[in-house]
2 protein chains.
Amino acid sequence: MKKSEDTKKRILVAAEEEFAQKGFYGARVDEIAECAEVNKRMLYAYFGNKEELYKTVLLNVYNSLSLAEDSLIENDKNTDAATAVQNVIGLYFDFLKNNDNFVRMLMWENLNNANCLKSAKTQNIKKNMIDYIEKKICEGKIEGIFSQNASAQRVTTALLTFVFSYFSNKHTLSLVLDKNLASQEELNTHREFVCDLIINYLKN
Amino acid sequence: MKKSEDTKKRILVAAEEEFAQKGFYGARVDEIAECAEVNKRMLYAYFGNKEELYKTVLLNVYNSLSLAEDSLIENDKNTDAATAVQNVIGLYFDFLKNNDNFVRMLMWENLNNANCLKSAKTQNIKKNMIDYIEKKICEGKIEGIFSQNASAQRVTTALLTFVFSYFSNKHTLSLVLDKNLASQEELNTHREFVCDLIINYLKN
DNA sequence: ATATGAAGTAACTAATTAGTTACTTATGAA
DNA sequence: TTCATAAGTAACTAATTAGTTACTTCATAT
């Protein structure tokens with residue numbers, strides 16, 4: 001690997017950590033440079049300014065989920081509808097559990113009214129997954145295991161919010177419920193619960 | 001009202017707006033002072049420093065939900081279990097829809113690992129509502145309309161996350177789903193969907 | 001070997017920010 | 001009226017921050 005590539009990568013790794021932890025306003029360019037063991041000058045040389053660096057990090061993080069989604073879509077082409085839906089839920093649980101930075105970056109972005117995502121023209125970023133869920137629900141209806149009334153859009157919204165919110169709210173919720181939501185046990189319970197709710201809804 | 005009380009109130013109103021919009025790091029003390037039409041000196045005289053002001057705002061905002069919860073608990077003492085659960089869902093929908101600052105402050109707090117809430121010893125802040133839901137589910141089981149397997153903790157988590165996440169993720173989700181989740185129509189649909197899911201779960 | 005452009009360094013600037021200080025004005029009880 | 005205290009002001013400080021500049025070192029193709 002060229003040395004400059006290595007430097008860029010170190011900057012991106014450090015920046016992801018810093019931005020995920022502290023957000024755009026809280027993040028310090030000097031801190032990123034120090035963590036990356038890179039001179040601040042290089043950071044500006046490669047990424048222009050703080051905002052461009054932030055956008056790059058956000059898109060990278062977002063893209064890593066897209067890759068996982070596409071891989072599941074490819075693998076589950078011939079899986080039956082009910083299992084496929086459960087696998088999607090499982091994918092999000094696993095991904096969000098292992099990618100705290102993703103959860104946090106998306107929260108910052110929501111607080112920023114999705115401005116960076118908007119300006120990055122990523123409108124179609126989730127299209128593959130949405131189409132896939134729609135297709136699987138359609139298959140389930142034809143097989144006769146899903147209700148004809150089931151709405152793909154409802155299920156997609158539910159999937160995304162029910163799983164994401166568990167992770168994004170784990171700190172305040174753990175406090176309020178006096179339970180550690182990050183524990184494997186609680187996580188498994190919630191996963192099953194969400195699966196049951198959604199499959200129940202689909203089967204009516 | 002004493003003039004100082006009026007000044008304090010103006011500071012709190014301006015601070016809530018500023019902190020909700022920009023978070024602790026992004027918020028500017030000078031901006032708060034200007035919006036409140038108050039000299040910065042007074043802000044420090046009354047609230048000590050930026051962090052103390054932030055905590056005060058957070059607790060105020062949090063407390064406004066508690067008041068709404070307590071009022072519903074009082075009113076629905078004798079309401080049947082199923083309606084009572086639906087009313088709780090409705091309460092959260094209405095409250096969050098009308099209190100964007102609450103949603104945002106809680107998101108900032110989650111990103112801050114709930115540190116302010118922790119230090120503020122608000123562990124019992126949701127106890128009334130949790131106990132109430134537990135009681136209503138218990139009543140439902142006795143009446144025979146709810147399944148004996150239904151878990152109050154599951155329902156409470158679901159209530160809090162399913163409704164909150166709709167609002168906290170509305171910006172990125174609207175983009176991804178290419179729908180305006182803030183519209184009254186989408187809101188009603190999601191409310192009904194959440195009600196159905198939860199009541200279905202309770203009735204098994 | 002060496003010339004050239006890319007990679008890297010350290011010290012700087014200009015702007016912004018939380019928090020302070022020394023001072024003035026209003027209020028209300030004796 | 002007067003005097004003590006509470007409320008308010010404007011200008012300041014010290015620290016921090018994003019971004020820049022003028023310079024040096026390194027790698028490599030010829």
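Below, chains carry the letters A, B, ... as their sequence lines are ordered, and counting in each starts from 1.
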In whole angstrom, what separates B:Glu34's CD from C:dA18's P?
13 Å
Does B:Lys50 make a side-chain donor-acceptor contact with the base of C:dG19, cut-off 3.5 Å?
no
SB check B:Lys170 B:Asp100 (cutoff 4.0 Å):
yes
Among D:dT20, D:dG8, C:dA18, which nucleotide sits nearest the side chain of A:Tyr44?
D:dT20
By nearest atom, which of the nucleotides D:dA18, C:dA18, C:dG8 is closest to the A:Thr7 side chain?
C:dG8
To the nearest angstrom, the CD1-C1' distance between B:Ile11 and D:dA7 comes to 11 Å
Compare the minimum distances between each of D:dA18, D:dT9, C:dA10 and the side chain of A:Asn39, then state the nucleotide with the smallest one.
C:dA10
Tell me what B:Ala33 touches on the nucleic acid: a base, only sugar-phosphate, or nothing, going by heavy atoms under 4.0 Å.
nothing
Could you report the tightest heavy-atom contact between B:Cys116 and B:Leu58, atom names first, then the distance?
CB-CD2, 3.6 Å
How long is the line joining NZ of A:Lys22 and C1' of D:dA18, in whole Å?
15 Å
Taking CG from B:Asp30 and C1' from D:dA10, how many angstroms apart are they, rounded to a whole number?
13 Å
Between C:dT16 atom C1' and B:Tyr25 atom OH, what is the distance in whole Å?
17 Å
Out of A:Phe24, A:Trp108, A:Phe47, which residue meets the ring-ring contact (aromatic ring centres under 6.0 Å, His included) rule with A:Tyr54?
A:Phe24
Which of these nucleotides, C:dA22, C:dA18, C:dG19, is closest to any side-chain atom of B:Arg28?
C:dA18
Give a yes or no on whether a salt bridge exists between B:Arg191 and B:Asp94, defined as a side-chain N under 4.0 angstrom from a carboxylate O.
yes
Relative to the 5' end of DNA chain D, which residue comes earlier, A:Arg41 or A:Phe24, by the nucleotide with the nearest heavy atom?
A:Phe24
Heavy atoms only, 4.0 Å cut-off, all strands: where does B:Tyr46 land among base, sugar-phosphate and nothing?
sugar-phosphate
Identify whether the distance between the nearest side-chain nitrogen and carboxylate oxygen of A:Lys135 and A:Asp131 falls below 4.0 Å.
no
Rounded to whole angstroms, how far apart are CD on B:Glu18 and P on C:dT17?
10 Å
Taking NZ from B:Lys40 and C1' from D:dA11, how many angstroms apart are they, rounded to a whole number?
11 Å
Per A:Met42 side chain, nearest of listed nucleotides D:dG8, C:dT9, D:dG19
C:dT9
